Amino acid sequence: MARALVGATLLVDGVGGLVVETEAYDHEDPASHSFGGRTARNASMFRAGGCAYVYRSYGIHWCLNVVCGPAGEGSAVLLRALEPTHGLDRMRARRGIDEARLLCSGPGRLCQALGVDASQDGLPLDAPPFALILPERPVPLATGPRIGISKGVATPWRFGLAGSRFLSRPFR
DNA sequence: GTATTGATCTTCT
DNA sequence: GAAGATCAATACA
């Protein structure tokens, strides 16, 4: 799913763009929030695939995941960066900056630009305010280790649109 | 260009 | 009390 979502278009209330960077987290993965079992925070990660899991990161930011797999499993894909295509003016107003490249280049920035917070946690991604359109054609992928984790460091489950200028960090 | 730090929520020890 | 799927501002090279 993390590979399939690169190149998709995500909109929240009409604001969004092309998904250029994702990371995979599954229930057997020590880096995953679901690894230690269900808690109040990660409850929506254990729902059936197709809904959102939104969590508070470092006490400051919100991060948005696409829940995958059957109910009870606890697998999800973190959306780390978008190439803005819709509603750039609203993103700039929310983010307080002008540079398109910095509007959604990171999971916390992405949520701020799209207005995502706990009120969207658990909502289905195929109904308003969300819209998720999968890519029509396969897209060139870059692969590498995930960012900002201390366990499962060697698992290469970060995926990006090869050559995109809107990544949170480049691939090598 | 890299390095450091403060913001302060949620979970686990 | 510590750590974490982060970001931005600041200080330096």
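All figures in this text were calculated on a predicted structure; none of them were measured in a lab. In what follows, chains carry the letters A, B, and so on, assigned in the order in which the sequence lines appear, proteins first and then strands, with residues in each chain numbered from 1.
- C:dA5 and B:dT13 are spaced 15 Å apart, taking the P atom of each and rounding to whole Å.
- In terms of phosphate contacts, A:Arg95 brings no side-chain nitrogen or oxygen within less than 4.0 Å of OP1 or OP2 of C:dC7.
- For A:Tyr55 and B:dC12, the OH to C1' distance is 17 Å, given to the nearest whole Å.
- In this structure, CZ of A:Arg56 is placed 14 Å from P of C:dC7, rounded to the nearest angstrom.
- Between the CH2 atom of A:Trp62 and the C1' atom of B:dT10 there is a distance of 10 Å, rounded to whole Å.
- Mapping A:Leu102 and A:Ile149 onto DNA chain C by nearest heavy atom places A:Ile149 at the nucleotide closer to the 5' end.
- Within residues 105-113 of chain A, no residue approaches DNA chain B, by heavy-atom distance under 4.0 Å.
- Rounded to whole Å, atom P of C:dA5 lies 14 Å from atom CZ of A:Arg169.
- Summarising the local packing, CZ of A:Arg3 is surrounded by 12 or fewer heavy atoms from other residues, nucleotides or ligands at distances under 6.0 Å.
- Remark: A:Arg80 is not positioned above the aromatic ring of A:Phe159, lacking an NZ or CZ atom under 6.0 angstrom from the ring centre and at most 45 degrees off the axis.
- If you measure from atom CD of A:Glu23 to atom P of C:dT6, you get 7 Å, rounded to the nearest angstrom.
- With no hydrogens or angles considered, a side-chain donor-acceptor pair links A:Ser105 and A:Arg109 at under 3.5 Å.
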Per-nucleotide protein contact string for nucleotides 3-8 of chain B, where B marks a base within reach and S marks sugar-phosphate only (heavy atoms under 4.0 Å, - for neither): ----BS

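- Across the protein-nucleic acid pair, A:His33 atom NE2 and C:dA3 atom P stand 16 Å apart, rounded to whole Å.
- Formation of a donor-acceptor pair under 3.5 Å by the A:Asn42 side chain with backbone atoms of A:His33 is found in this model.
- Between the CD1 atom of A:Ile97 and the C1' atom of C:dA8 there is a distance of 10 Å, given to the nearest Å.
- More than 12 non-hydrogen atoms from other residues, nucleotides or ligands lie less than 6.0 angstrom from CZ of A:Arg146.
- Between the side chains of A:Ser44 and A:Asp121, at least one donor N or O lies within less than 3.5 Å of an accepting N or O.
- Across all strands shown, B:dC9 forms a Watson-Crick or G-U wobble pair, both distances under 3.5 Å, with C:dG4.
- Between A:Lys151 and A:Asp29 there is no salt bridge, since no side-chain N of the basic residue sits under 4.0 Å from a carboxylate O of the acidic one.
- No donor-acceptor contact under 3.5 angstrom links the side chains of A:Gln112 and A:Arg94, judged on distance only.
- Linking Ile, Leu, Val, Met, Phe, Trp and Tyr whenever their side-chain heavy atoms come within less than 4.5 Å puts A:Leu102 and A:Trp62 in one cluster.
- Separating the NZ atom of A:Lys151 from the C1' atom of B:dT11 is a distance of 11 Å, rounded to the nearest angstrom.
- For A:Arg41 and A:Ser168, each mapped to the nucleotide of DNA chain C holding its nearest heavy atom, the one lying further toward the 5' end belongs to A:Arg41.
- Using modelled atom types and a 3.5 Å distance limit, the side chains of A:Ser164 and A:Glu83 yield no donor-acceptor pair.
- For A:Thr39 and B:dT10, the shortest distance from a side-chain N or O to OP1 or OP2 is not below 4.0 Å.
- Here, B:dT5 and C:dA2 have their P atoms 16 Å apart, quoted to the whole Å.
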